[in-house]
S.K.: 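Pasting in a structure now, in structure tokens, and then I'll have a few things to ask.
For the single chain, residues carry numbers from 1 onward in sequence order.
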Amino acid sequence: MKKFIIGVVVGSILSLSSVVVASDSVQAYLFEVYFTINGRNTAIEKDYSVLNYNGSTYVPVRFIAEQLGASVDYNAINKEIAINQFSSNMKILTDSNYPNVRYSLLDLYLDGGYTGSYGLLSVDKIKESTITEHEIDFSLSFYDANEKLIGTALGSQLPSSSDYKQTITTGEIKVVHAGGVGDFSNYSSVKFNVTKYK
């Protein structure tokens with residue numbers, strides 16, 4: 001009788017655990033579809049699949065983002081997908097000495113006597129170069145309406161968290177931070193300078 005009761009208990013536990021596992025699963029169908037992106041027919045690569053689940057279409061984020069000119073990165077530790085793109089209304093800044101490095105200022109914030117900023121940084125491929133990983137430092141010079149320098153912010157492609165890679169890859173668009181002492185919030189123009197390119 002004891003063995004029977006133990007068997008019933010174990011069987012019940014297994015049944016309940018399979019119900020819990022089943023509740024985390026979904027039934028989706030592969031969905032054959034063709035993409036037209038910005039008026040151009042775009043074939044989906046064979047490594048990607050499109051799914052239909054409950055009448056909604058789920059597409060591979062990397063395929064769509066890269067077709068739209070965005071950069072996609074995945075951080076497995078934080079379970080975070082980062083999509084970055086230079087939109088058409090962004091002002092793109094370059095350094096004449098490094099025309100393949102592009103920057104766009106997204107926002108400024110004040111923290112006491114310190115001005116911080118964040119923006120997007122990217123590195124385009126140079127034809128003769130085989131290097132794909134770069135280390136970049138930069139400065140942002142902020143000017144008032146009379147073109148007088150009101151402050152300089154120093155920045156780097158290095159992330160604020162060690163969970164992210166320490167370099168920027170050719171073709172990648174990365175969120176970067178810069179900052180300096182002073183209040184630059186009333187700036188009229190900004191100049192971007194590459195201070196280290198490796």
Side-chain angles (χ1 to χ4, degrees), residues 38 60-198:
N38 294 330
V61 68
R62 181 173 300 280
F63 171 75
I64 295 297
E66 288 178 351
Q67 294 301 314
L68 295 171
S71 172
V72 180
D73 194 20
Y74 177 66
N75 182 311
I77 295 169
N78 295 339
K79 296 184 180 176
E80 175 188 26
I81 297 172
I83 302 172
N84 298 314
Q85 179 185 28
F86 289 109
S87 62
S88 59
N89 64 341
M90 289 181 173
K91 183 174 182 180
I92 308 295
L93 304 174
T94 59
D95 180 331
S96 59
N97 294 320
Y98 300 94
N100 64 316
V101 180
R102 298 182 298 151
Y103 177 85
S104 183
L105 180 64
L106 296 175
D107 203 5
L108 292 180
Y109 59 90
L110 296 175
D111 186 5
Y114 177 86
T115 298
S117 70
Y118 67 97
L120 296 177
L121 181 75
S122 74
V123 182
D124 295 333
K125 181 172 175 42
I126 299 175
K127 289 180 183 177
E128 60 275 357
S129 177
T130 58
I131 299 170
T132 58
E133 293 291 323
H134 301 279
E135 293 178 23
I136 296 175
D137 291 341
F138 62 92
S139 68
L140 301 171
S141 301
F142 293 88
Y143 297 89
D144 65 14
N146 298 317
E147 297 187 20
K148 179 183 173 190
L149 180 67
I150 57 174
T152 301
L154 302 178
S156 170
Q157 98 292 335
L158 290 175
S160 55
S161 165
S162 62
D163 294 342
Y164 292 90
K165 67 187 180 89
Q166 303 293 302
T167 58
I168 184 167
T169 305
T170 301
E172 179 181 13
I173 303 170
K174 195 170 191 177
V175 174
V176 292
H177 299 270
V181 176
D183 180 352
F184 320 146
S185 59
N186 292 320
Y187 75 96
S188 181
S189 63
V190 62
K191 184 178 178 185
F192 171 72
N193 295 297
V194 175
T195 56
K196 177 175 122 180
Y197 181 89
K198 199 165 134 184

S.K.: Please determine which of D183, L108, N186 meets the side-chain contact (heavy atoms from CB on, under 4.5 Å) test together with F142.
M.R.: L108
S.K.: Name the residue from L93, L121, I168 that meets the side-chain contact (heavy atoms from CB on, under 4.5 Å) definition with V101.
M.R.: L121
S.K.: What heavy-atom pair brings P99 and T94 nearest, and what distance separates the two atoms?
M.R.: O-CG2, 4.3 Å
S.K.: Do D144 side-chain atoms and N146 backbone N/O form a donor-acceptor pair below 3.5 Å?
M.R.: yes
S.K.: Could you work out, with side chain to side chain donor-acceptor pair (under 3.5 Å) as the rule, every residue matching N89, not counting sequence neighbours?
M.R.: S87
S.K.: Show your reasoning for whether side-chain contact (heavy atoms from CB on, under 4.5 Å) applies to Y98 and I136.
M.R.: CA-CA 11 Å; Y98 300 94; I136 296 175; over 6 Å; no
S.K.: What pairs with L154 under side chain to side chain contact (heavy atoms under 4.5 Å, CB included), at least two apart in sequence or on another chain?
M.R.: S139, T152
S.K.: In terms of the angle between their ring planes, are F192 and Y103 parallel, tilted or perpendicular, with boundaries placed at 30° and 60°?
M.R.: parallel
S.K.: Rounded to the nearest 0.5 Å, what's the gap from CG on L149 to OH on Y187? Could you check?
M.R.: 14.5 Å
S.K.: What heavy-atom pair brings A145 and S188 nearest, and what distance separates the two atoms?
M.R.: N-CB, 3.5 Å
S.K.: Over all heavy atoms of both residues, which pair between M90 and L106 is shortest? Give the atoms and the distance, please.
M.R.: CE-CD2, 3.4 Å
S.K.: I'd like to know if the side chain of T115 reaches the main chain of G182, judged simply by a donor and an acceptor atom lying under 3.5 Å from each other, with no hydrogens or angles considered.
M.R.: yes
S.K.: Rounded to the nearest 0.5 Å, what separation is found between the OG atom of S117 and the CG atom of L110?
M.R.: 11.0 Å
S.K.: Compare every heavy atom of E135 with every heavy atom of T167, then report the nearest pair and how far apart it is.
M.R.: CG2-CG, 4.1 Å
S.K.: Go through it in stages, so that I can follow the logic: the residues are K91 and L105, the test is side-chain contact (heavy atoms from CB on, under 4.5 Å), and I'd like the CA-CA distance, side-chain angles, deciding distance and then a yes or no.
M.R.: CA-CA 8 Å; K91 183 174 182 180; L105 180 64; over 6 Å; no
S.K.: When rounded to the nearest 0.5 angstrom, what is the spacing between OH in Y114 and CZ in F184?
M.R.: 8.5 Å
S.K.: Evaluate the ring planes of Y118 and H177, with Trp represented by its six-membered ring, and classify them as parallel (under 30°), tilted (30 to 60°) or perpendicular (over 60°).
M.R.: tilted
S.K.: Shortest non-hydrogen contact from V72 to R62?
M.R.: O-NH1, 3.1 Å
S.K.: Between S156 and D137, is any side-chain donor less than 3.5 angstrom from a side-chain acceptor?
M.R.: yes
S.K.: Tell me the closest heavy-atom pair linking H134 and Y197, and the distance in Å.
M.R.: CE1-OH, 3.3 Å
S.K.: Distance check, rounded to the nearest 0.5 Å: N193 atom CG versus N97 atom CG?
M.R.: 8.5 Å
S.K.: Do T170 and D124 have side chains that get closer than 4.5 Å, going by heavy atoms?
M.R.: no
S.K.: Please round to the nearest 0.5 Å and tell me the distance separating atom CD of E147 and atom NZ of K191.
M.R.: 11.0 Å
